[in-house]
Amino acid sequence: MAYSDLRDWISALERAGELKRIRAEVDPILEITEITDRVSKSGNGGPALVFENVKGYRGWQVLINQFGSARRMKLALGVESLDEIAARIHQFLDVKSPEGLLDKIKMLPMLADMAKFFPKTVSSGPCKEVIRRDDFDLLHMPVLQCWPQDAGRFITLPCVITRDPKIGKRNVGMYRMQVYDARTAGMHWQRQKVAAEHYRDAMRAASPAGSAAAVDLMARSGGGAIEAAGDRPQGKMEVAVAIGTEPALTFAAVIPAPPDVEEFMIAGFLRQKPVELVKCETVDLEVPATAEVILEGYVNLDELRSEGPFGDHTGFYSLEDLYPVFHVTCVTHREKPIYATTIVGKPPMEDAWIGKAIERIFLPLMRVTLPEIVDVNLPVEAVFHNLMIVSIRKSYPGHARKVMNGIWAMGQAMFTKCVVVVDEDCDVQDVREVVLRVANNIDPERDIQFTLGPVDSLDHSARLPNFGSKMGIDATRKWPTEGFTRPWPEEIRMDEATKRRVDAIWKQLGIE
Ligand SMILES: Cc1cc2nc3c(=O)[nH]c(=O)nc-3n(C[C@H](O)[C@H](O)[C@H](O)COP(=O)(O)O)c2cc1C
Ligand SMILES: [Mn+2]
């Protein structure tokens, strides 16, 4: 069931009629975007695309839109329904202490299942077919320029691997990389992401002045250039990047997992088979053995460089800002490599389907902290961080406010600019019903709550980069215990008896 590598996954897509090969010559500069954008916006996300003839890149192929439909997203994770994954997670969360031998025996399959989560280190793998220690150039890869006003060419689907300097655990995060020249690229981990914290930890450890210089550097990178104050931390942090991994790992790199959970384990859980890792040539990190391309290198602790603008998934260009610089020390790749990429822009695009999968899979995890949550919808048009609609089983006064605050306190959900809370009998997937409820049920001055906090780096409207306000709308029915003493009206619904009578005579009416 698990795909052994990107090629195995491409074959599966082909067998399922979910992939088109394009033999005509196309330019990685803008043209691939325009083609893919049209495909993404043709009903249901269109097929995955393999470009076999990329202008200037003989020997390379480009894969794009691999996750770009509900069907492909399920295929990628080997399930009929994403709820299967949610159910598997729930099963692990729901473990009770075994009360006898029989209970213990019943748990054995689960424990055996868990053994598959852990990555396995192997001595070599296909990603080492070609090892380039000196003769490499990042633009040997067919890196796209996505949109006309992009600052350059961006690696858009990289699995960025770093190690927590304190506890040694690894993180895999997807952070785009702007190619500056043959051997350097921007490292766009936003400041609230796990690799950015690894970077700060490395600075804290390296800085003679404790964490002060690190904090200063991060402050500068968060809010535009402020001249350096005090000692700059010296040293570097090693980073490896995998491009073109099997789909469970690529997806795991996007998942907003708790910082200490290794994405290699998440991928192992999703594919129910261990991820195989090999050691890097020039850095002390492990990388997926079957990846198409591996970039090894480091970021300096005292170096930031302007990154962006970049046509982003908000539908706007994200603004230029300072980010660390990745220096390449070695490139390894497969023979005839396949360069996996994506484009983002006005939704819906490929990332919309990735986001929807995360929404489904995270529901049981959200319920660990907020068990009153019935369902969640992150509408694609609101680009995930701008709007979350959540239905709750309301049990006490102020309950909707508690849920809003809980969401703003939960991992990357902290970025949610607007949280809308409705009662459990409102289907949050039915946005028309949600609009009806919200518009009818709120007394705005009373039911809208503002708060301040961190906002997504891509939010161009916030008063400051990365810091701004958020809004919660309590669209639940108001209770007397919340100070609402007027009668609350019933929703209009026809009675069942009348419905049945009309069903019986419907044909005779001759309306249809
Ligand atoms: C196509 C794509 C591109 C992304 N680019 C970035 C990026 O440039 N910077 C960033 O911080 N997050 C980016 N993200 C979101 C992160 O991958 C996501 O927040 C992830 O959970 C980060 O992993 P972490 O929690 O281990 O830091 C991107 C997501 C996708 C699907
Ligand atoms: Mn992570």
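Residue indices begin at 1 and follow the sequence shown. Atoms within a ligand are numbered from 1 in the order they appear, just like the ligands themselves.
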Would you mind running through ligand 1 and noting each atom that sits below 4.0 Å from a heavy atom of [X]?
X: Thr342; result: 1 (C)
X: Ile255; result: 21 (O)
X: Pro256; result: 21 (O)
X: Ala253; result: 17 (O), 20 (C), 23 (O)
X: Glu263; result: 26 (O)
X: Thr156; result: 1 (C)

Answer yes or no: is there an ion pair linking [X] with [Y], defined by an N-O contact shorter than 4.0 Å?
X: Glu286; Y: Lys120; value: no
X: Asp27; Y: Lys55; value: yes
X: Glu292; Y: Arg7; value: yes
X: Asp375; Y: Arg360; value: yes
X: Arg88; Y: Glu84; value: no

For [X] and [Y], take the angle between the two ring planes, folded into 0 to 90°, and tell me which bin it lands in: parallel under 30, tilted 30 to 60, perpendicular over 60.
X: Phe269; Y: Phe92; result: perpendicular
X: Phe384; Y: His313; result: parallel
X: Phe251; Y: Phe67; result: tilted

Q) Can an N or O of Ile354 be found at a distance shorter than 3.5 Å from an N or O of ligand 1? A)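 In this structure, Ile354 places no N or O atom under 3.5 Å from an N or O of ligand 1.
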Q) Taking N or O atoms only and a 3.5 Å limit, does Val254 qualify as a polar contact for ligand 1? A)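 So ligand 1 has an N or O lying under 3.5 Å from an N or O of Val254.
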Q) Does Tyr175 have its ring centroid less than 6.0 Å away from the ring centroid of Phe326? A)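 No, ring centres 6.0 Å or more apart.
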Q.
Does Arg271 qualify as a cation-pi partner of Tyr3, given the criterion of NZ or CZ under 6.0 Å from the six-membered ring centre and within 45 degrees of its axis?
A.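 Relative to the ring axis of Tyr3, which defines the angle, Arg271 lies outside at least one limit.
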Q: Assess Arg305 against Tyr180: is NZ or CZ under 6.0 Å from the centre of the six-membered ring, and within 45 degrees of the ring's axis?
A: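 Because its charged atom sits under 6.0 Å from the ring centre and within 45° of the axis, Arg305 does stack over Tyr180.
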Using heavy-atom distances only, which candidate in [options] approaches [atom] most closely?
atom: atom 7 (C) of ligand 1; options: His188, His313, Met187, Gln412; result: His188
atom: atom 27 (O) of ligand 1; options: Phe154, Trp189, Tyr175; result: Tyr175
atom: atom 15 (C) of ligand 1; options: Lys193, His198, Glu262; result: Lys193

Q | Distance from atom 2 (C) of ligand 1 to nearest protein heavy atom, with residue and atom | A |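 Answer for atom 2 (C) of ligand 1: Met174 SD, 3.9 Å.
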**Q.** Metal environment of the Mn ion (ligand 2), protein N/O/S under 2.8 Å
**A.**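 The answer is Asn171 OD1, Glu263 OE2.
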**Q.** Option from Asp150, Asp351, Asp312 for which salt bridge (Lys or Arg N to Asp or Glu O under 4.0 Å) with Arg176 holds
**A.**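 Going through Asp150, Asp351, Asp312 one by one, the salt bridge (Lys or Arg N to Asp or Glu O under 4.0 Å) with Arg176 is satisfied by Asp312 alone.
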